[in-house]
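All residue numbers refer to positions in the sequence shown, counting from 1.
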Amino acid sequence: METPKTIIQVSHLSKQFGDLVVLRDVNFEVRQGEVISIIGPSGTGKSTLLRALNMLEPPTSCEIVVNGEKITAKGYPLHLLRLKIGMVFQSFNLFEHMTVLENIIDAPMQLLNLTEAQAKEEAMALLKQVGMAQKTDAYPSELSGGQKQRVAIARALAMHPDVILFDEPTSALDPTMVGEVLSVIRQLAKSGLTMLIVTHEMRFARDVSTRIFFMNEGVIWEDGSPEQIFEHPIHSATKAFVQRIQKLVYEIDTDDYDFLQIHTGFNQFCLKYNIADKAELAWSLTQEMLFTHMRTFRPLTLRLTHAELSGVTALDFMVEHLDHSPLNNAARDILRPQIKELIEEPTTRGFRVKLIMPDMF
């Protein structure tokens with residue numbers, strides 16, 4: 001089988017802002033058809049790396065070769081680079097005074113010398129591909145965040161780039177709109193488009209990527225397949241990052257706790273981590289546990305957890321200094337039909353009851 005050709009070669013990429021070193025001696029190649037997700041803690045240079053690739057943030061030192069042309073050479077025409085590498089930003093960057101259709105046809109007419117008819121024909125095909133064909137005459141102010149980002153993706157595709165860079169394409173979106181944008185990117189990945197994606201969506205990165213960069217402290221600490229990075233990471237920092245579990249914790253001392261605060265907290269937590277469909281069940285089960293099955297057990301610690309990698313969401317009720325389960329058989333019979341799994345286990349602190357929530361549809 002023929003090895004895909006190398007599209008991008010990056011050698012010794014560094015970037016400084018004054019005394020602050022953001023990127024230090026970064027080296028990698030990108031082959032045609034690869035989908036590379038770039039993950040890592042905030043402030044580690046992920047977005048700066050993308051912006052350096054298309055010279056929006058010119059590197060302090062580096063050699064970047066795109067399809068055999070050294071784009072970091074002095075005097076290299078950047079408008080040619082823009083034809084090779086497209087970019088989709090966090091904040092959409094659509095022209096507010098132009099309609100959706102006008103946003104897409106403007107650059108192809110100016111830079112690719114397409115006629116208006118040709119540009120419109122291609123634009124309509126792209127808008128259909130991203131589910132926005134019905135919004136051709138709308139202005140950006142009339143669109144939701146998810147719709148704006150889908151238009152921005154169509155605009156990038158209209159230039160027929162060799163590579164598209166996605167800089168946290170869902171970070172500015174309401175959590176309810178994240179799915180529609182990720183769905184479009186998944187389709188592009190299946191089509192064979194070469195992409196580099198900075199993302200905090202771990203399940204998406206694992207599922208869509210052919211390769212993962214884990215960045216930390218301005219360097220690529222680990223470069224490997226999704227299986228390697230997520231299942232067998234080499235560095236402890238990589239392991240800690242990809243296996244992170246998000247949690248919300250409350251201490252329940254009496255029955256006079258602020259239940260409205262907890263309800264609001266559950267809703268905000270579930271929205272933030274794109275599991276809004278689990279919020280009401282989580283709250284219903286919590287009330288049932290606190291007021292019925294575990295009413296006599298105070299104080300206790302309540303935790304709502306969500307593992308971004310596995311997608312597992314759980315409710316955790318911990319009673320300190322308890323050496324047996326607080327549940328009786330009747331409580332177990334009531335709970336099991338509502339949940340995916342019931343775990344009762346002693347801990348060094350006491351006894352924990354864990355409710356693994358079912359996948360929601």
As an exercise, state the distance from [atom1] of [X] to [atom2] of [Y], rounded to the nearest 0.5 Å.
| X | Y | atom1 | atom2 | value |
| --- | --- | --- | --- | --- |
| Ile105 | Thr115 | CD1 | OG1 | 10.0 Å |
| Ile220 | Ile38 | CD1 | CD1 | 7.0 Å |
| Phe95 | Ile104 | CZ | CD1 | 12.5 Å |
| Glu122 | Met159 | CD | CE | 10.5 Å |
| Met357 | Ile275 | CE | CD1 | 7.5 Å |
| Thr170 | Phe204 | OG1 | CZ | 8.0 Å |

Of all heavy-atom pairs between [X] and [Y], which one has the smallest distance, and what is that distance?
| X | Y | answer |
| --- | --- | --- |
| Ser209 | Pro226 | O-CG, 3.2 Å |
| Phe28 | Leu196 | CE1-CD2, 4.3 Å |
| Ala276 | Leu271 | CB-CD2, 3.8 Å |
| Leu173 | Gly146 | CD2-N, 3.6 Å |
| Pro326 | Phe297 | CB-CE1, 3.4 Å |
| Ala156 | Pro161 | O-CD, 3.3 Å |

Over 12 foreign heavy atoms within 6.0 Å of [atom1], [X]:
| X | atom1 | result |
| --- | --- | --- |
| Glu121 | CD | no |
| Gln134 | CD | yes |
| Tyr273 | OH | yes |

Are [X] and [Y] in one and the same hydrophobic cluster, where Ile, Leu, Val, Met, Phe, Trp and Tyr link if side-chain heavy atoms are under 4.5 Å apart?
| X | Y | answer |
| --- | --- | --- |
| Leu50 | Leu20 | yes |
| Val198 | Ile85 | yes |
| Ile39 | Ile164 | no |
| Leu285 | Tyr257 | yes |
| Leu127 | Leu94 | yes |

For this session: Quick one: do Gln228 and Ile234 satisfy side-chain contact (heavy atoms from CB on, under 4.5 Å)? Show the steps, please.
Result: CA-CA 8 Å; Gln228 176 189 322; Ile234 297 171; 3.9 Å; yes
Problem set entry | Verdict with reasoning, Leu143 to Val100, per side-chain contact (heavy atoms from CB on, under 4.5 Å) | CA-CA 9 Å; Leu143 304 178; Val100 164; 3.7 Å; yes
If we only count heavy atoms from C-beta on, is the [X] to [Y] side-chain gap below 4.5 Å?
| X | Y | answer |
| --- | --- | --- |
| Val35 | Ile197 | yes |
| Leu327 | Leu342 | yes |
| Met177 | Gln149 | no |
| Pro108 | Gln118 | no |
| Leu290 | Leu300 | yes |
| Phe166 | Thr199 | no |
| Met87 | Leu56 | yes |
| Cys62 | Val26 | no |

Problem set entry | Audit row: Ser14, Leu23, side-chain contact (heavy atoms from CB on, under 4.5 Å) steps and yes/no | CA-CA 5 Å; Ser14 297; Leu23 298 171; 5.5 Å; no
Using the salt bridge (Lys or Arg N to Asp or Glu O under 4.0 Å) criterion, which residues pair with [X]? Sequence neighbours excluded.
| X | answer |
| --- | --- |
| Lys340 | Asp359 |
| Glu217 | none |
| Glu341 | none |

For this session: In sequence, state the C-alpha distance, the side-chain angles, and the governing distance for Glu63 and His12, and then conclude on side-chain hydrogen bond (donor to acceptor under 3.5 Å, both in side chains).
Result: CA-CA 7 Å; Glu63 179 176 285; His12 307 295; over 6 Å; no
Exercise. Can you check whether Pro58's main-chain N or O pairs, donor with acceptor, with Lys15's side chain at less than 3.5 Å?
Worked result: yes
Exercise. Does Glu222 reach the main-chain N or O of His235 with its side chain, forming a donor-acceptor pair under 3.5 Å?
Worked result: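 Indeed, once roles are kept as given, a pair shorter than 3.5 Å links the two residues.
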Problem set entry | Chi angles and distances behind the side-chain hydrogen bond (donor to acceptor under 3.5 Å, both in side chains) call for Gln90, Ser171 | CA-CA 6 Å; Gln90 297 179 35; Ser171 65; 3.2 Å; yes
Kindly state each residue pair satisfying salt bridge (charged side-chain N to carboxylate O under 4.0 Å, His left out) with at least one member in [range], sequence neighbours excluded.
| range | answer |
| --- | --- |
| residues 312-336 | Arg303-Asp316, Asp316-Arg352, Glu320-Arg349, Arg332-Glu344 |
| residues 93-118 | Glu116-Lys120 |
| residues 128-151 | Arg150-Glu180 |
| residues 22-35 | Glu29-Arg31, Glu34-Arg211 |

Exercise. What orientation do Trp283 and Phe266 show, parallel under 30°, tilted 30 to 60°, or perpendicular over 60°?
Worked result: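 Ring orientation, 0 to 90° scale: perpendicular.
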For this session: Hydrophobic side-chain clustering at under 4.5 Å (ILVMFWY, transitive links): who's grouped with Ile343? Put none if nobody.
Result: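 Members besides Ile343, by chain and number: Val312, Ile356.
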For residues 181-195, tabulate all N or O donor-acceptor pairs below 3.5 Å that involve a side-chain atom, not counting sequence neighbours.
residue	atom	partner	partner atom	Å
Ser191	OG	Leu188	O	2.6
Thr194	OG1	Gly33	N	2.7

Exercise. What residues form a side-chain contact (heavy atoms from CB on, under 4.5 Å) with Ala237, not counting sequence neighbours?
Worked result: Phe214, Asn216, Trp221
Problem set entry | Counterpart residues, side-chain contact (heavy atoms from CB on, under 4.5 Å), relative to Leu78 (two or more places apart) | Met55, Leu81, Arg82
For this session: Could you walk me through whether Met289 and Leu302 pass the side-chain contact (heavy atoms from CB on, under 4.5 Å) test, one step at a time?
Result: CA-CA 10 Å; Met289 291 291 285; Leu302 162 66; over 6 Å; no
For this session: Scan residues 44-54 for pairs that pass side chain to side chain donor-acceptor pair (under 3.5 Å), counting only residues two or more places apart or in two chains.
Result: Ser47-Asp167
